[in-house]
2 protein chains.
Amino acid sequence: MKLKVVSKILDANERMARENERIFREAGVRVINLMSSPGAGKTSLLERTIRDLKGSVRIGVIEGDITGSDDAARIDSLGVPVVQINTGGACHLDANMINDVLKELPLGELDLLFIENVGNLVCPAEFKIGEDVKAMILSLTEGHDKPLKYPLMFQESAALLINKIDLRPHLDVDLDKIRRDALSLNPSIKIFEVSCRTGQGIDRWIAWLRTSIS
Amino acid sequence: MKLKVVSKILDANERMARENERIFREAGVRVINLMSSPGAGKTSLLERTIRDLKGSVRIGVIEGDITGSDDAARIDSLGVPVVQINTGGACHLDANMINDVLKELPLGELDLLFIENVGNLVCPAEFKIGEDVKAMILSLTEGHDKPLKYPLMFQESAALLINKIDLRPHLDVDLDKIRRDALSLNPSIKIFEVSCRTGQGIDRWIAWLRTSIS
């Protein structure tokens with residue numbers, strides 16, 4: 001019974017995700033669903049990315065949080081269109097929540113829409129929201145056992161950004177194991193070692209983004 | 001309809017949580033539900049705690065993970081009884097999952113049972129599993145905005161361990177804001193600054209534990 005309900009919820013979500021896809025395609029905007037654990041650096045990555053692409057790529061952002069609008073304020077201060085979704089307790093965004101706010105964004109004037117999901121390494125990977133691509137961030141501080149313990153997100157993501165790489169000298173973390181296990185789960189995943197604080201490695205991510213959206 | 005289903009699931013969980021409580025009380029074992037984001041240091045804290053309390057407090061552990069048994073192997077190597085639960089995708093432990101494995105633990109021979117929840121700062125806080133106390137870990141690397149963005153877990157927890165405090169010189173994190181916001185959400189929360197790597201601050205946590213279980 002419980003399983004049947006869950007499956008119905010996923011089916012309904014799938015239908016709405018396809019509707020969102022259609023809307024994005026017609027508007028000519030590419031959409032990236034950005035996921036990670038809490039505090040891995042999603043908003044910091046967006047800040048870096050917006051600064052680097054501004055002037056050449058028209059970016060919009062949907063911010064997903066359980067509560068509050070701190071992240072939307074950070075993005076807004078960079079002068080790009082942003083909408084905040086508060087899930088009010090739900091641990092992931094779903095396609096309905098996205099559909100509800102699309103009218104608040106000038107989709108026809110955007111090249112690229114980032115959707116920052118709720119900080120959670122589990123559930124967001126289960127719900128399509130109409131994105132072209134899923135990208136994930138793992139903070140190096142989370143440790144090298146994460147790919148094998150949270151496999152779905154690594155399997156679903158086209159890109160893995162390993163953030164806070166500047167802290168590597170201070171951590172007992174086996175970076176090669178992260179790479180190895182992520183690739184074993186998803187041989188085509190593109191891996192970037194970055195520091196959103198120092199800017200290290202961001203250029204490779206930006207180059208990949210430019211290729212992906214062109 | 002969806003809300004009604006969710007509420008029924010929570011009701012059923014509540015009943016089973018009360019049954020677990022009864023079993024723990026009769027066995028004379030105190031139970032701590034340990035929660036955090038992925039990679040904040042739950043298993044490392046358990047390793048430290050078991051080493052410090054071994055000989056004076058009889059400890060058992062239930063490990064919750066989506067998949068795999070790495071954490072149970074780490075605990076097993078310390079010579080304490082441990083059971084691994086694999087949720088197979090679910091992002092939190094529930095009271096049924098706990099009830100199912102209780103027969104595999106020598107409850108009557110334990111003083112203290114740690115239940116390490118799935119790494120997730122959201123959903124585990126919603127599901128009682130029969131614990132006496134909820135305790136949470138926040139890795140300092142997750143940043144100072146976490147209490148206000150993930151309030152429920154801070155509200156539900158009796159203890160907050162701020163881990164990886166040894167990394168403080170390398171981070172732009174406002175530790176005072178974490179303390180202030182956690183206390184504003186939960187004025188009685190007990191806060192410990194610790195490093196599971198260096199051992200810093202662990203003595204205060206151990207002292208609090210001894211008081212809590214006596």
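Order of the sequence lines fixes the chain letters, A, B, ..., with proteins taken first and strands second; residue numbering starts at 1 for each chain. Worth knowing before you read on, the calculation uses all heavy atoms, side chains too, and leaves out hydrogens, waters and symmetry mates.
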Testing the basics here: between B:N120 and A:N120, what is the closest heavy-atom pair and its distance to 0.1 Å? ND2-ND2, 3.8 Å
Shortest non-hydrogen contact from B:G119 to A:V122? O-CG2, 4.3 Å
Are there more than 12 heavy atoms of other residues, nucleotides or ligands under 6.0 Å from atom CZ of A:R22? yes
Taking atom NZ of B:K134 as the centre, report whether more than 12 heavy atoms of other residues, nucleotides or ligands fall under 6.0 Å from it.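 Atom NZ in B:K134 is packed in, count exceeds 12.
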Answer with side chain, backbone, both or neither: which region of B:L152 has an atom nearer than 4.5 Å to a non-hydrogen atom of chain A? neither
Pick one of side chain, backbone, both or neither for B:L171, based on which atoms fall under 4.5 Å of a heavy atom in chain A.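 Its backbone and side chain both get close to chain A.
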Strictly distance-based, threshold 3.5 Å: is any side-chain N or O of B:Y150 a donor or acceptor partner for the main-chain N or O of A:P38?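 No, the answer is negative, given that no donor and acceptor are paired below the 3.5 Å cut-off.
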Using modelled atom types and a 3.5 Å cut-off, is there a donor and acceptor pairing between side-chain atoms of A:K149 and backbone atoms of B:D71? no
Just how far is it from atom CD of A:E142 to atom OG of B:S37, taken to the nearest 0.5 Å?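 Output value for this atom pair is 7.5 Å.
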Which one wins on heavy-atom pair count under 4.5 Å against chain B: A:G68, A:C91, A:G143? A:C91
Please identify, among A:L167, A:L148, A:D70, the residue contributing the most non-hydrogen atom pairs under 4.5 Å to chain B. A:L167
Any ion pair linking A:D172 and B:R197 (charged N to carboxylate O, less than 4.0 Å)?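 Here B:R197 pairs with A:D172 in a salt bridge, since their nearest N and O are under 4.0 Å apart.
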Name the member of B:T141, B:I66, B:D65 that forms the most heavy-atom pairs with chain A at distances under 4.5 Å. B:T141
